[in-house]
Amino acid sequence: MINEVQQALMNKVAEALNSQFPAVIEDTCNTSDIPTITVTASLIHEVIKYLKEEPALNFSFLTTLCGTHYPQQQKPFGLVYHLHNLETNERLRIKTWLEKETPNIASICDLFSAANWMEREAYDFYGIVFNGHPNLIRILNVEYLDYFPMRKEYPLEDPTREDKEDKFFGR
């Protein structure tokens, strides 16, 4: 459960974002260890830039940027950004969700150089396209791979296998 200090941080950030970008916040979550705010994907670059450059917030360090895929949701592709204010040791999680048909979002490489590799990794594994990225190519998988391996679009097991018995796997 989030403590009072983290709740105060989330309230401060939410208030600042609402004043700068009305209706950008889709959800706030106070059930985890880091305050989490879900924002509209179309304004993610502006939101991250504001969180970084606003002196009262000063989230100047990008700790993590990673993709997620929940195929049962209306917007199945997600991005999670972890930001850190090094002066006050405050952490913030920003989430955004993308449409299945067009998993595109603005790159933040111009704000954080570390985002370059992280965005390439999210593209490589989930197929999320970062508009404005300087070199959006596969980074860990072979370049001729014709699918994105972290998408939950494929069966977990090969249904044609005959060399195993389910009783050995607790089924």
*asked:* For Glu46 and Val24: C-alpha separation, side-chain torsions, deciding distance, then whether side chain to side chain contact (heavy atoms under 4.5 Å, CB included) applies.
replied: CA-CA 10 Å; Glu46 292 81 3; Val24 73; over 6 Å; no

_Please determine whether residues Leu83 and Val80 belong to a single hydrophobic cluster, defined as Ile, Leu, Val, Met, Phe, Trp and Tyr linked transitively by side-chain heavy-atom distances below 4.5 Å._
no

*Do Ile108 and Phe130 come within less than 4.5 Å of each other through their side chains, counting heavy atoms only?*
no

*Any idea how His69 and Phe77 line up, ring-wise: parallel (<30°), tilted (30 to 60°), or perpendicular (>60°)?*
parallel

*What heavy-atom pair brings Pro103 and Gly127 nearest, and what distance separates the two atoms?*
CG-O, 3.8 Å

*Looking at Tyr70, is Lys152 sitting on its ring face, NZ or CZ under 6.0 Å from the six-membered ring centre and within 45 degrees of the normal?*
yes

_Test item: Pro149 and Asn141 side chains (from C-beta on) under 4.5 Å apart, heavy atoms_ = yes

*asked:* Quick one, Asn116 and Pro134 - any side-chain contact, counting heavy atoms below 4.5 Å?
replied: yes

*So do Ile94 and Ile44 actually touch side chain to side chain, heavy atoms under 4.5 Å?*
yes

*To the nearest 0.5 Å, what is the distance between CD (Glu143) and CG (Asp124)?*
10.0 Å

*Between Asn11 and Glu15, does any side-chain donor sit less than 3.5 Å from a side-chain acceptor?*
no

*Minimum-distance pair of heavy atoms, taken over all atoms of His45 and Ser107*: CD2-O, 3.0 Å

_Donor-acceptor contact below 3.5 Å, side chain Tyr126 vs main chain Gly67_ = yes

*asked:* Looking at every heavy atom in both Thr63 and Met118, which two are closest together, and how far apart are they?
replied: O-CE, 3.9 Å

*Of all the heavy-atom pairs spanning Pro71 and Pro76, show the shortest one and how long it is.*
CA-CB, 4.0 Å

*Can you tell me how far CD1 of Ile34 sits from CG of Leu9, rounded to the nearest 0.5 angstrom?*
10.5 Å

*How many angstroms lie between OG1 in Thr102 and NZ in Lys75, if you round to the nearest 0.5 Å?*
9.5 Å

*For the residue pair Asn85 and Leu57, establish whether any side-chain heavy-atom pair is separated by less than 4.5 Å.*
no

*Quick one: are Tyr81 and Thr96 in side-chain contact, heavy atoms under 4.5 Å?*
yes

_So for atom NZ, which belongs to Lys52, do other residues, nucleotides or ligands contribute more than 12 heavy atoms lying within a distance under 6.0 Å?_
yes

*Once you round to the nearest 0.5 Å, how far does CG of Leu92 lie from CZ of Phe59?*
4.5 Å

*Hey, could you give me the CD/SG distance between Glu121 and Cys66, rounded to the nearest 0.5 Å?*
8.0 Å

*Compare all side-chain heavy atoms of Phe112 with those of Ile48 and state whether any distance is below 4.5 angstrom.*
yes

*Distance-minimising heavy-atom pair for Thr28 and Met10*: CB-SD, 3.8 Å

_What's the separation between atom CG in Asn131 and atom CD in Glu119, rounded to the nearest 0.5 Å?_
10.0 Å

*Identify the two heavy atoms, one from Ile105 and one from Leu79, that lie closest to each other, and give their separation to 0.1 Å.*
CG2-CD1, 3.5 Å

*Are Val142 and Tyr147 in one and the same hydrophobic cluster, where Ile, Leu, Val, Met, Phe, Trp and Tyr link if side-chain heavy atoms are under 4.5 Å apart?*
yes

*Do the side chains of Trp97 and Ile25 join up, straight or via other hydrophobic residues, at under 4.5 Å, putting them in one cluster?*
no

*Are any of the side-chain heavy atoms of Phe61 and Arg91 separated by less than 4.5 Å?*
no

*Look at the side chain of Gln6 and the backbone N and O of Asp33, then say whether any donor-acceptor pair between them is shorter than 3.5 Å.*
yes

*Output, in order, the C-alpha distance, side-chain angles, deciding distance and verdict of side chain to side chain contact (heavy atoms under 4.5 Å, CB included) for Arg138 and Phe148.*
CA-CA 10 Å; Arg138 290 192 181 265; Phe148 301 102; 3.4 Å; yes

